[in-house]
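Since the structure comes first, as structure tokens, the remarks are kept for the end.
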Amino acid sequence: MAAIKAKDQPPGGDTFASRAKRVIRKIPRGKVATYGQIAALAGNHRAARQVVRILHSSSDKDRLPWHRVINSKGGISLARGQGYELQRAMLRQEGIRFQDNDLIDLDRFQWVPRRIRI
DNA sequence: AACCTGACTTCGG
DNA sequence: TCCGAAGCCAGGT
């Protein structure tokens, strides 16, 4: 029996990556979440850059709604010609509006997962 | 084992 | 309000 390397842990495990993916999958249509927000919900508020890595490595493979992830300013981080246009189109298609400054109004479109009810 | 890198974020001037 | 610097994390080289 070959030992399971820490590297290939089963999906749905309890690694930051698996949790982050689950969080991303929960972002509803018509809403967006920031990298930092995902990181925080996945358990590490300082791992925004990890979220980026995850999107790079598995957004396609795991069919993640990668387009719903944007930066803290409410903007698309992908460069023009490098996915920017596609992401913007996909978001608009879900009803998300871009302001004149090309940013999304987070107060309106940011996903706010319900947790505690006061 | 250093060093580099990235679809980030925060903070100070 | 805008911009640069610094902080952060982990996978790849």
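Naming convention: chains lettered A, B, ... in sequence-line order (proteins, then strands); numbering from 1 in each chain.
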Calculate the interatomic distance between Lys73(A) atom NZ and dG4(C) atom P; express it in whole Å. 11 Å
May I ask you to check if Arg80(A) and Tyr84(A) form a cation-pi contact, with NZ or CZ under 6.0 angstrom from the six-membered ring centre and within 45° of the axis? yes
Could you state the OH-C1' distance from Tyr35(A) to dC9(C), rounded to the nearest angstrom? 16 Å
List in numerical order all residues of residues 76-100 of chain A for which some heavy atom is under 4.0 Å away from an atom belonging to DNA chain B. Ser77(A), Leu78(A)
Return each pair, listed once, that meets side chain to side chain donor-acceptor pair (under 3.5 Å) where at least one residue sits in residues 61-78 of chain A; pairs must be two or more places apart or across chains. Lys21(A)-Asp62(A), His67(A)-Glu94(A), Arg68(A)-Glu94(A), Asn71(A)-Ser77(A)
Please step through side-chain contact (heavy atoms from CB on, under 4.5 Å) for the pair Val32(A) and Val69(A), ending with a clear verdict. CA-CA 6 Å; Val32(A) 295; Val69(A) 186; over 6 Å; no
When you compare the protein's N or O atoms with those of nucleotides 11-13 of chain B, which come within less than 3.5 Å of each other, and at what distance?
none

Find out whether the Lys NZ or Arg CZ of Arg88(A) is both under 6.0 angstrom from the six-membered ring centre of Phe98(A) and within 45° of the ring's axis. yes
Separation of dC9(C) P from His45(A) NE2 (nearest whole Å): 8 Å
Using the test side chain to side chain donor-acceptor pair (under 3.5 Å), find all partners of Asp105(A) that sit at least two apart in sequence or belong to another chain. none
Rounded to whole Å, CD1 of Ile38(A) lies from P of dC9(C) at a distance of 18 Å
Are the side chains of Ile70(A) and Leu106(A) in touch, meaning some heavy atoms are under 4.5 Å apart? yes
If we only count heavy atoms from C-beta on, is the Arg97(A) to Arg92(A) side-chain gap below 4.5 Å? no
Nearest-Å distance, CG (Asn44(A)) to P (dG7(C))? 18 Å
Roughly, in whole Å, what's the span from CD in Gln110(A) to P in dT9(B)? 10 Å
Looking across every strand, which nucleic acid part, if any, lies under 4.0 Å from Ser57(A) by heavy atom: base, sugar-phosphate, or nothing? nothing
List the atom pairs, with distances to 0.1 Å, where a side-chain N or O of residues 38-50 of chain A and a protein N or O form a donor-acceptor pair under 3.5 Å, not counting sequence neighbours.
{"residue": "Asn44(A)", "atom": "OD1", "partner": "Arg46(A)", "partner atom": "N", "Å": "3.0"}

Of all residues at least two apart in sequence or in a different chain, which pass the side chain to side chain donor-acceptor pair (under 3.5 Å) check with Arg53(A)? none
Are there any protein N/O atoms within less than 3.5 Å of an N/O atom in nucleotides 3-6 of chain B, and if so, which ones and at what distance?
{"residue": "dG6(B)", "atom": "N9", "partner": "Arg49(A)", "partner atom": "NH2", "Å": "3.4"}
{"residue": "dG6(B)", "atom": "N7", "partner": "Arg49(A)", "partner atom": "NH2", "Å": "3.1"}
{"residue": "dG6(B)", "atom": "N2", "partner": "Arg53(A)", "partner atom": "NH2", "Å": "2.5"}

Quick check against the 3.5 Å criterion: does Ser58(A) have a side-chain atom that pairs as donor or acceptor with the backbone of Leu55(A)? no
Filter on side chain to side chain donor-acceptor pair (under 3.5 Å), then keep only pairs touching residues 22-35 of chain A, sequence neighbours left out; what's left? none
